[in-house]
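First up is the structure itself, then whatever we jot down about it.
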Amino acid sequence: MQDYIAKAMAFSGQVRIYAAVTTHTVDYARTIHDMNPTPSVALGRVLTGAALMSQTLKGEDHSITIQIRGDGPIGGIIAVTDAKAGVRGYVHNPNFDVPLNEMGKFDIASAVGSGYLNVIKDIGMKEPYVGYVDLVSGEIAEDLTYYYAYSEQTPTVMNLGVLIGAGGRVEAAGGYFVQLLPDAGEDVIERIEKSIGQLQPITTLIHQGKTPEDIIRLIVSEDDSVEIYDNCEVHYDCYCSRERMERNLLSLGRKDLLEIAEDEKGAELQCHFCNKKYHFTQSELLNLINVAQRD
Ligand SMILES: [Zn+2]
């Protein structure tokens with residue numbers, strides 16, 4: 001099954017629900033970053049969260065960046081999404097593991113440690129919107145749920161999961177996003193809470209072959225008014241280019257650039273998101289410095 005998000009309105013338009021299967025995207029991220037199981041799960045959850053959140057964007061050129069910084073061994077996690085669930089991301093340390101927690105699950109809270117979460121929304125304004133919350137659990141989904149409650153004041157439930165199989169492969173990944181619209185009644189809130197409480201873990205459902213539409217139907221259980229109105233493919237997408245790398249070099253400033261240009265072998269830059277390498281010869285670097293001087 002191709003990775004995608006299904007989108008629905010339920011309870012007569014009082015609740016918005018997105019459900020995603022992201023297994024291939026998360027496994028692709030694991031492969032390109034050569035990640036151990038614990039960082040694979042952590043990045044997979046953040047990438048899935050970003051993909052779900054992308055569906056709240058209105059403009060095609062809008063984007064969301066999720067940054068997590070903690071004092072645990074992972075160091076930090078970053079994920080970026082465009083409005084069409086094209087996601088990319090990386091962790092600072094891809095090669096560590098921590099013991100499973102007392103429930104026998106990947107201990108993402110320990111991997112992340114304590115710290116904060118930033119959500120940067122570029123929605124075409126002069127300055128991006130930046131929301132900032134302290135991490136409440138480090139397990140990612142709870143932290144994003146808290147971000148919505150605290151920073152956007154919108155009651156939202158997020159659930160994110162990644163299942164790792166033999167050889168560290170990602171066997172199932174996905175999640176859901178349930179948001180109450182301002183006019184949602186108490187009875188609706190109770191019904192949603194009850195059915196979410198009875199749901200099996202998201203990775204179990206996906207591993208059983210459930211589609212995003214199946215997951216939405218399970219979340220709304222007996223609601224007849226549910227309307228699944230659209231879907232969106234999820235994919236790993238990096239926008240890096242030689243021009244972007246040149247801009248990164250220029251942003252270092254003249255002094256640092258001159259230092260880099262002293263090496264007659266030139267310089268090699270690597271994209272953090274897709275690990276593609278860009279080589280600049282010494283003369284190309286000197287050229288860039290000349291251009292920078294003229295501006
Ligand atoms: Zn790249």
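Read the numbers this way: they start at 1 and go in the same order the structure lists the ligands and their atoms. All residue numbers refer to positions in the sequence shown, counting from 1.
Judged as a side-chain hydrogen bond (donor to acceptor under 3.5 Å, both in side chains), and not counting sequence neighbours, the contacts of Y236 are H33. Judged as a side-chain hydrogen bond (donor to acceptor under 3.5 Å, both in side chains), and not counting sequence neighbours, the contacts of T156 are Q179.
Seen from the ring of F280, R242 counts as a face-on cation partner, given the 6.0 Å and 45° thresholds. Seen from the ring of Y239, R88 counts as a face-on cation partner, given the 6.0 Å and 45° thresholds.
Distances under 2.8 Å from the Zn ion (ligand 1) pick out the protein N/O/S atoms C238 SG, C240 SG, C271 SG, C274 SG.
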Just list the side-chain donor-acceptor pairs under 3.5 Å for residues 69-78, sequence neighbours left out, or say none.
unit_1, atom_1, unit_2, atom_2, d
R69, NE, G75, O, 3.4
D71, OD1, S114, N, 2.8
D71, OD2, S114, OG, 3.3

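Side chains of Q282 and K265: no donor on one and acceptor on the other come within 3.5 Å.
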